[in-house]
Amino acid sequence: MESIVISGGRRLRGEIDLQGSKNSSLPILAATVLVRGVSVIHNCPDIRDVDAAVKILRHLGCLVKRENDTLIVDSTEISCYNIPETFMREMRSSIVFLGSVLGRMGIVQLSSPGGCEIGLRPIDLHLSSLRSLGYTIDEAHGSILCRRVGDISGSVISLSFPSVGATENAILASVISKGRTVILNAAREPEIKDLADFLCSCGCRVEIGSQGTVAVEGVDSLHGCEHWVIPDRIAALTYMAATAAAGGEVLIRNVDTSAFLSVLPLFEGAGCEIKDKGNSLLITMRRRPIAVRDIRTMPYPGFPTDAQAPVMTMCAVAEGTSVIVENIFESRFKHVGELIRMGAEIKIEGRLALIDGVKELYAARVQAQDLRGGAALVIAGLCAVGETRVENVRHIDRGYERIDSVLQSLGAEIRRINDE
Ligand code: UD1
């Protein structure tokens, strides 16, 4: 078990190269299962969730090799259609293999992913999409068995909520088919477009409409391709929140600000100066943050739920009272108790958090309980007085590529220790 130890009080200063997107890499790696050949995926972050996806690919029979930030996946031979429970438990997003294994093999068996740290996370929309496509589904004793009976000839899928994972599974399960599938009220996150771009490079036609419509023109097979994963917008927002909370000036390179334009005014409102330079962004914070009145997490292009926890730490040290409403996940305030241990003044009422900014946080021994909440605690450590120890770093390593080294390169006094 590892911890991150931070001596707070240093302003951040310097330049960083942003990692590739976790939430793009995972569905794209799952999509390589549909390819009868070799996929070369560049800008794939070196994080635990990607390792978990690679383990599943190998279990299915793919040959996978990493060369720096490139993953080379040879899916010519796929020998298996079941995903054991251990893999599903290791990473909930493994559910995105449901659509791709089904599309390739015509059958998939996996264990039901169940709830996780941030909520119940049902998969009813994933399963109803597959049923609309004509697949049969048997669920028993926590296991799900889906099969293709006859041809998949296209369908109209209407999602009652624009679920990211359900949209990805609906796309993946309809690519190899004899017809056109239209997904209505699909998720509009940039990672969906990245998945569509990958599939198009492999020989399929996936069109993203403007109003949450995705159209998939089925094909008989996909060929390999070379693809560059988009930059990680959530990691960008995390490092922006860190700079806003701790103060300083940071240039984030390899960023695509068009993926989070709607969130930039929030940082400006908090007192940050932002220079959007196309594929890099300069954020400068010379003062204590100003409270942000009203943050509501929403599906894209609204405020992303994944940035809620890191931004809450910025609010915790802001001047005034901030309000955050978490609309996407029901248990996504697990970091709050730990922030309170560090002196934050936060009240939770259902889905609403009221944050009375304090001038200073103080160091404590705290535990990361989920990925983004863990990052929020590291940011809190950067602005706390004394030495903070964030335990359970494995949660943070799921999605951030060496967060401690990145912050150290910006001048933070931070190190990783082994608890044993
Ligand atoms: C993805 C992201 C995650 C992000 C989330 C919301 C990946 C790997 N993960 O997760 O980082 O926080 O989008 O932007 O891309 N829901 C149902 N039934 C379903 C599916 C979802 O009720 O069948 C609910 C969920 O419980 C949740 C909400 O819909 O309350 C949003 O979930 P969804 O968009 O599916 O998120 P994920 O794809 O799991």
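Just so you know, ligand 1 is whichever comes first in the structure, and atom 1 is the first atom listed for that ligand.
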Just to confirm my output: which protein heavy-atom neighbour is closest to [atom], and how far is it?
atom	result
atom 38 (O) of ligand 1	Gly165 N, 2.8 Å
atom 37 (P) of ligand 1	Arg121 NH2, 3.6 Å
atom 19 (C) of ligand 1	Pro122 O, 3.0 Å
atom 34 (O) of ligand 1	Val164 N, 2.8 Å
atom 2 (C) of ligand 1	Asn23 ND2, 3.5 Å
atom 3 (C) of ligand 1	Asp306 OD2, 3.6 Å

Side chain, backbone, both or neither: the part of Ile328 lying under 4.0 Å from ligand 1 by heavy atom: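 Under 4.0 Å from ligand 1, Ile328 contributes backbone and side-chain atoms.
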
Structural part of Tyr300 in contact with ligand 1, heavy atom criterion under 4.0 angstrom: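 It is neither part, as no heavy atom is under 4.0 Å.
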
Would you say ligand 1 has an N or O under 3.5 Å from any N or O of [X]?
X	result
Leu26	no
Phe161	no
Pro162	no
Ala166	no
Asp124	yes
Ser163	yes

Less than 4.0 angstrom from a charged side-chain N to a carboxylate O is my criterion; do [X] and [Y] meet it?
X	Y	value
Asp46	Arg402	yes
Asp151	Lys178	no
Asp404	Arg416	yes
Glu90	Arg48	no
Arg92	Asp49	no

4.0 Å heavy-atom contact, His126 with ligand 1: yes

Polar side chain donor-acceptor pair, Gln369 to His395, under 3.5 angstrom: no

Nearest non-hydrogen partners of His42 and Glu226, listed with the distance: NE2-OE2, 2.8 Å

Report, as yes or no, whether the 6.0 Å neighbourhood of atom [atom1] on [X] holds more than 12 heavy atoms from other residues, nucleotides or ligands.
X	atom1	result
Met298	CE	no
Arg131	CZ	yes
Arg296	CZ	no

What atoms of ligand 1 come closer than 4.0 angstrom to any heavy atom of [X]?
X	result
Ser93	8 (C)
Thr305	6 (C), 12 (O), 14 (O)
Arg332	12 (O)

Residue among Ile144, Ile56, Leu110 satisfying side-chain contact (heavy atoms from CB on, under 4.5 Å) with Met88: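 Only one option passes, and that is Leu110.
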
Gap between atom CD of Glu207 and atom CD of Glu217 - 0.5 Å precision: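 One gets 7.0 Å once the value is rounded to the nearest 0.5 Å.
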
Atom 24 (C) of ligand 1 protein-contacted (non-hydrogen atom, under 4.0 angstrom): no

